[in-house]
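Please read the structure below before turning to the comments.
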Amino acid sequence: AWIDAHIAEPIAVAQLAALACLSPSQFAARCVAETGVAPIAYVRERRLQLARRLRAQGWPVQRVAERCGYRSPSALTAALRRT
């Protein structure tokens, strides 16, 4: 829930680990155990899921990029193409 609430902001593993009261390495290991992916991959997937929903609703690429934490519309479209 915290990730979704802060999705437009830069999110670091150390920040997530501190929220969970774990070291970054402990947090990363738990994240992989629980989700099957590394923390940053999980954040990226949450961003892409939101971006797909917003685009399906007709939001312009610029606004979606800003809302989902991408540096630019081209960074967002490149990320969407990679998936």
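- Of all the heavy atoms in Glu66 and Ala8, the pair that sits closest is O-CB, 3.6 Å.
- Between the CZ atom of Arg30 and the CG atom of Leu22 there is a distance of 5.0 Å, given to the nearest 0.5 Å.
- Across Val61 and Thr77, no two heavy atoms sit closer than the pair CG1-CG2, 4.0 Å.
- Taken from CZ in Phe27 to CG in Leu19, the straight-line distance is 8.0 Å, to the nearest 0.5 Å.
- Residues Leu48 and Ala79 come closest through the heavy atom pair CD2-CB, 3.8 Å.
- Looking at Gln26, its side chain does come within 3.5 Å of a backbone N or O of Ser23 through a donor-acceptor pair.
- Nearest approach of Ala14 to Pro24, heavy atoms of both residues: CA-CG, 4.1 Å.
- Residues Leu76 and Ala65 come closest through the heavy atom pair CD2-N, 3.7 Å.
- Summarising the geometry, atom CG belonging to Leu50 is positioned 11.5 Å from atom CD belonging to Glu45; distances are rounded to the nearest 0.5 Å.
- Contact annotation: the side chain of Ile11 approaches that of Trp2 to within less than 4.5 Å [non-hydrogen atoms, C-beta and beyond].
- A heavy-atom distance below 4.5 Å is not found between the side chains of Arg53 and Trp59.
- Side-chain contact, Gln49 with Arg52: no donor N or O sits under 3.5 Å from an acceptor N or O.
- Hydrophobic clustering, with ILVMFWY side chains joined whenever heavy atoms are under 4.5 angstrom apart, keeps Val37 apart from Val32.
- Taking both residues in full, the closest heavy atoms of Leu54 and Cys68 are given as CD1-SG, 4.1 Å, listed atom of the first, atom of the second, then distance.
- Side-chain contact check for Val64 versus Tyr70: every heavy-atom pair is 4.5 Å or farther apart.
- Within 6.0 Å of the CD atom in Glu34, the count of heavy atoms belonging to other residues, nucleotides or ligands does not exceed 12.
- Remark: side-chain polar atoms of Arg47 are paired, donor with acceptor, to backbone N or O of Ile7 under 3.5 angstrom.
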